[in-house]
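We name chains A, B, ... by the order of the sequence lines, and we start the count at 1 in each one. We use all heavy atoms of the structure for the numbers below, so side chains are in, but hydrogens, waters and symmetry mates are not.
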Number of protein chains: 2
Amino acid sequence: MKEEAMEKFKKFLKTRGLKFTRERKIILDQVFSVHDHFDVEDLLYMFRKRKKQVSRASIYRTLSLLVESGLVGKVDFGEGRAYYEHVFGHVHHDHLVCKECGQVVQFEDQVIEKRQQDICKEHGFRLDYHTLNIFGICPECQKNGENN
Amino acid sequence: MKEEAMEKFKKFLKTRGLKFTRERKIILDQVFSVHDHFDVEDLLYMFRKRKKQVSRASIYRTLSLLVESGLVGKVDFGEGRAYYEHVFGHVHHDHLVCKECGQVVQFEDQVIEKRQQDICKEHGFRLDYHTLNIFGICPECQKNGENN
DNA sequence: TTCTATGCAAAAGCTTTGCAAATCA
DNA sequence: TGATTTGCAAAGCTTTTGCATAGAA
């Protein structure tokens with residue numbers, strides 16, 4: 001699947017007259033190896049640990065391209081910084097976020113997906129994508145008291 | 001309704017040993033007069049136009065309190081800056097955002113609300129709130145060609 | 001070879017914060 | 001009067017950008 005993603009990305013770059021560089025390969029590799037959300041600092045840290053040299057600037061620039069290509073999604077949890085996750089090869093999902101411990105649970109729900117299409121139709125919008133984050137308290141944190 | 005909100009805010013402040021100041025009143029007043037989203041610069045601009053003197057710092061600080069009190073909601077459209085909207089006295093709603101012109105349409109949908117409760121129950125989460133933003137192209141922008 | 005990409009450091013936005021002076025209860 | 005607030009400016013964060021050098025095709 002990583003290979004498929006790589007091919008797609010190469011094609012995407014070609015259509016724009018851009019190059020498939022060492023750095024872009026490293027980044028795509030990592031992005032499709034992590035099965036969770038990550039931010040730019042996370043990636044930077046992973047690269048440092050693995051002695052892969054990629055600058056913060058290149059990470060930002062490549063992630064933008066990956067998002068534009070549709071292979072990667074940008075997720076905003078309202079923390080003032082962006083998270084990313086690979087999207088290619090996955091069905092769309094939404095997030096259940098624990099406000100206490102930060103745990104994120106992914107879920108998919110066809111009923112909600114369908115309703116969104118209907119709502120767009122009603123308003124004449126052409127649906128592109130959506131972000132649904134549900135915030136709450138996870139079971140563990142509920143037990144651990146601070147039922148704040 | 002603005003008066004009710006004001007009372008609620010006063011109570012909220014009192015429980016925390018905080019004061020209901022001139023600035024906080026001006027801000028709450030404005031926030032409950034605007035029936036749309038706004039960001040901090042918007043507020044600042046409105047105050048300047050009305051010759052109300054409130055600093056940017058106080059706006060940030062008071063908005064945080066308003067959000068904590070539950071009277072105001074913070075909305076994130078992934079633009080790298082926060083939007084706000086008053087919430088007290090309104091039923092919850094979600095957003096349909098046009099990627100082309102930025103137009104925001106509010107909608108409420110009981111089916112989606114209900115499904116979210118179910119999903120939380122399934123995962124043992126205590127639901128707190130959610131944010132659902134659907135991005136797409138509005139009817140006008142679809143007509144105006146760039147069906148990008 | 002030519003055009004694009006990388007890295008670095010500086011710049012840019014938005015938001016937060018330390019501190020002295022002002023204000024509320 | 002005593003504690004909280006305000007405004008200002010500085011600082012903090014994340015993200016973007018200009019430019020010289022390095023690297024794809």
Open item on the list: Is the positively charged end of A:Lys10 above the ring of A:Phe20, judged by distance under 6.0 angstrom from the centroid and angle within 45° of the axis?
Closed with: yes
Task: A:Lys2 NZ: over 12 foreign heavy atoms closer than 6.0 Å - done: yes
Open item on the list: Between B:Arg24 and D:dT4, is there a contact of a side-chain N or O with OP1 or OP2 at under 4.0 Å?
Closed with: no
Task: Within 6.0 Å of NZ in B:Lys11, more than 12 heavy atoms from elsewhere - done: no
Task: Whole-Å distance separating the CZ atom of A:Phe20 from the P atom of C:dT6 - done: 11 Å
Open item on the list: Please report the distance, rounded to the nearest Å, between CD1 in A:Ile27 and C1' in C:dG7.
Closed with: 12 Å
Open item on the list: For a quick test of reading the model: is some side-chain N or O of A:Thr21 closer than 4.0 Å to OP1 or OP2 of C:dT6?
Closed with: yes
- [ ] Could you say whether B:Leu18 or B:Gly80 is positioned toward the 5' end of DNA chain C, judged by the nucleotide with the nearest heavy atom to each?
- [x] B:Gly80
Open item on the list: Go nucleotide by nucleotide along DNA chain D from the 5' end; which of A:Val40 and A:Glu23 gets its closest nucleotide reached first?
Closed with: A:Val40
- [ ] Starting at atom CG of B:Asp76, determine the distance to atom P of C:dC14, rounded to an integer number of angstrom.
- [x] 13 Å
- [ ] Check every atom of D:dT6, C:dG7, C:dC24 against the side chain of A:Arg61 and return the nucleotide holding the closest atom.
- [x] C:dG7
Task: Whether B:His37 and B:His95 hold their rings parallel, tilted or perpendicular, with breakpoints at 30° and 60° - done: perpendicular
Task: Touch class at under 4.0 angstrom, heavy-atom based, for A:Glu41 against every strand present - done: nothing
TODO: Check whether any side-chain nitrogen or oxygen of B:Tyr60 sits under 4.0 Å from OP1 or OP2 of C:dT16, and answer yes or no.
DONE: no
Open item on the list: From C-beta outward on B:Ala57, which listed nucleotide comes closest to its side chain: D:dT4, C:dT17, C:dT15?
Closed with: C:dT17
Task: Closest listed nucleotide, where the reference is the side chain of B:Ser55 and the choices are D:dT15, D:dG7, D:dA3 - done: D:dG7
TODO: Give the rounded distance in Å between these two atoms: NZ of B:Lys10 and C1' of C:dA25.
DONE: 13 Å
TODO: Could you check whether the rings of B:Tyr83 and B:Phe77 sit parallel, tilted or perpendicular, using 30° and 60° as the cut-offs?
DONE: tilted
- [ ] Starting at atom CD of B:Glu68, determine the distance to atom C1' of C:dT16, rounded to an integer number of angstrom.
- [x] 14 Å
Task: Length of the line joining A:Leu44:CG and D:dC13:P, which is rounded to integer Å - done: 16 Å
Open item on the list: It should be established whether A:Ser58 places a side-chain nitrogen or oxygen under 4.0 Å from OP1 or OP2 of nucleotide C:dG7.
Closed with: yes
Task: Nearest-Å distance for atom pair NZ/C1', residues B:Lys14 and D:dT4 - done: 15 Å
Open item on the list: Rounding to an integer number of Å, can you tell me how far B:Leu65 CG sits from D:dT4 P?
Closed with: 13 Å
- [ ] Describe the nucleic acid contact of A:Gln53 in one word from base, sugar-phosphate, nothing, applying a heavy-atom distance below 4.0 Å.
- [x] sugar-phosphate
- [ ] When you get a sec, tell me which of D:dA3, C:dT15, D:dT16 is the closest nucleotide to the side chain of B:Arg81?
- [x] C:dT15
